[in-house]
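What follows is one structure encoded as structure tokens, with my remarks underneath.
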Amino acid sequence: MRRLIFASNNKHKLIEVRAALKGIVEVVSLAEAGLEGEIPETAETLQGNALQKAQWVWERSHTDCFADDTGLEVNALGGAPGVYSARYAGEHCSFDDNIDKLLTALDGQTNRKADFRTVICLIENGKERYFEGRVDGQILTERHGKEGFGYDPVFMPDRFAVSFAEMPLEVKNSISHRGRAVEKLATYLKVTP
């Protein structure tokens with residue numbers, strides 16, 4: 001089976017992506033590929049960060065690979081935290097730190113509309129291709145659920161009455177921003193040997 005290096009060691013992302021690409025490609029983590037070091041994420045856009053991460057892997061391995069970047073965009077905060085979602089509360093912050101900062105920023109706010117966007121950059125034979133997924137929803141006033149990671153406990157997708165953290169993984173994967181981007185990647189990989 002064809003192998004692709006995924007520019008991540010995040011166990012939650014790996015579980016989601018491997019489940020979505022099962023039977024299509026073998027997804028190899030950075031650690032499994034023997035790649036170590038800090039991957040830069042200094043671009044101003046999700047696409048820029050995804051490209052930067054994928055290029056880092058390609059330059060060190062010359063192996064087909066992909067990377068993603070995800071942002072939570074909150075209307076009332078002018079699209080923040082956006083590209084800075086993972087480090088919204090500062091460098092080396094925890095998921096809980098980010099959620100706490102977000103809930104504080106939205107305290108008393110009635111407009112809680114938000115969207116999650118994921119951009120995947122695939123590099124094959126040195127050439128880049130992009131896949132994007134998006135899901136609209138709203139930010140809850142408090143955490144709900146124990147599944148998932150990141151902002152999942154406070155993000156409720158439209159047409160659902162539960163947060164991402166309250167959903168089984170297969171349900172979340174079928175509607176989430178990352179799930180939709182990975183689905184586009186999977187469709188492309190199925191028709192491209």
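All of these numbers come straight from a predicted model, not from anything done at the bench.
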Taking side chain as C-beta onward, heavy atoms only, is I99 less than 4.5 Å from R143?
yes
What distance do C121 atom SG and N49 atom CG have between them, rounded to the nearest 0.5 Å?
11.0 Å
Dump the intermediate steps for side-chain contact (heavy atoms from CB on, under 4.5 Å) on T45 and Q47, then the final yes or no.
CA-CA 5 Å; T45 64; Q47 182 170 317; 4.2 Å; yes
Can you list everything that forms a side-chain contact (heavy atoms from CB on, under 4.5 Å) with I175? Sequence neighbours excluded, please.
P157, F160, F164, M167, R180
Is there a path from Y84 to L77 through hydrophobic residues (I, L, V, M, F, W, Y) whose side chains come within less than 4.5 Å of each other?
no
Taking every non-hydrogen atom, the tightest pair across K184 and E132:
NZ-O, 2.6 Å
If you measure only the distance, is there a donor-acceptor pair under 3.5 Å linking the side chains of R117 and T70?
no
Report the distance from atom OG1 of T63 to atom CD1 of I5, rounding to the nearest 0.5 Å.
4.5 Å
Gap separating the CG atom of L185 from the NZ atom of K190, nearest 0.5 angstrom:
10.5 Å
Are L122 and V119 connected, step by step, through hydrophobic side chains (Ile, Leu, Val, Met, Phe, Trp, Tyr) whose heavy atoms are closer than 4.5 Å?
no
Under a 4.0 Å N-O cut-off, is there an ion pair linking K146 with D152?
no
Do L103 and V74 share a hydrophobic cluster (ILVMFWY, side-chain heavy atoms under 4.5 Å, transitive)?
yes
Here the pair of heavy atoms bringing P153 nearest to G145 is CB-O, 4.3 Å
Return the CG to CD1 distance between D69 and I120, rounded to the nearest 0.5 Å.
11.0 Å
Mind checking whether L140 and F155 have side chains closer than 4.5 Å, heavy atoms only?
no
Closest heavy-atom pair, A105 versus Y88, reported as atoms and distance to 0.1 Å, is CB-OH, 3.9 Å
So D68 and L46, do their side chains get closer than 4.5 Å, heavy atoms only?
no
Here the gap from D100 atom CG to S94 atom OG, rounded to the nearest 0.5 Å, amounts to 7.5 Å
Heavy atoms only: give me the nearest Y151-P81 pair and the separation to one decimal.
OH-CG, 3.8 Å
Quick one: do K127 and R129 satisfy side-chain contact (heavy atoms from CB on, under 4.5 Å)? Show the steps, please.
CA-CA 7 Å; K127 292 189 171 62; R129 189 175 299 273; over 6 Å; no
Going by the angle between their ring planes, with limits at 30° and 60°, are F131 and Y188 parallel, tilted or perpendicular?
tilted
CA sep, side-chain torsions, deciding dist, call: K113, D136, salt bridge (charged side-chain N to carboxylate O under 4.0 Å, His left out)
CA-CA 8 Å; K113 289 182 193 267; D136 294 309; over 6 Å; no
Looking at every heavy atom in both A186 and L21, which two are closest together, and how far apart are they?
CB-CD2, 3.6 Å
Please state whether the rings of H177 and F116 are parallel, tilted or perpendicular, taking 30° and 60° as the class boundaries.
parallel
What one should report as the nearest heavy-atom pair of A20 and V182 is CB-CG1, 3.4 Å
Under 3.5 Å, is there a donor-acceptor pair between the D107 and T104 side chains?
no
Taking it one step at a time, do E41 and R87 satisfy side-chain contact (heavy atoms from CB on, under 4.5 Å)?
CA-CA 11 Å; E41 283 188 69; R87 52 195 183 279; 4.1 Å; yes
R18 vs E32, salt bridge (charged side-chain N to carboxylate O under 4.0 Å, His left out): CA-CA, chis, key distance, verdict:
CA-CA 14 Å; R18 283 180 170 148; E32 291 164 343; 2.6 Å; yes
Side chain of N98, backbone of A86: donor and acceptor closer than 3.5 Å?
yes
For T42 and Q52, test the side chains for any donor-to-acceptor distance below 3.5 angstrom and give the result as yes or no.
yes
Criterion salt bridge (charged side-chain N to carboxylate O under 4.0 Å, His left out) on E166 and K172, from CA distance to verdict:
CA-CA 9 Å; E166 295 174 285; K172 179 189 169 191; over 6 Å; no
Please answer: with hydrophobic residues joined when any side-chain heavy atoms are less than 4.5 Å apart, are V135 and M156 in the same cluster?
no
Determine the sole option in L189, V27, I24 for which the side chain to side chain contact (heavy atoms under 4.5 Å, CB included) test with L4 is passed.
L189
Quick one: list whatever passes side-chain contact (heavy atoms from CB on, under 4.5 Å) with L169, sequence neighbours left out.
I15, E16, N173
Go through the steps to decide whether Q55 and L51 satisfy the test side-chain contact (heavy atoms from CB on, under 4.5 Å), and finish with yes or no.
CA-CA 6 Å; Q55 282 179 327; L51 171 62; 3.6 Å; yes
Quick check for you: to the nearest 0.5 Å, what is the distance between E124 atom CD and F66 atom CZ?
11.5 Å
Go through it in stages, so that I can follow the logic: the residues are R3 and D64, the test is salt bridge (charged side-chain N to carboxylate O under 4.0 Å, His left out), and I'd like the CA-CA distance, side-chain angles, deciding distance and then a yes or no.
CA-CA 8 Å; R3 296 174 52 149; D64 290 351; over 6 Å; no
Would you say L30 and S8 make side-chain contact, with heavy atoms under 4.5 Å?
no
C65 and F6, any side-chain heavy atoms less than 4.5 Å apart
no
So F149 and K13, do their side chains get closer than 4.5 Å, heavy atoms only?
yes
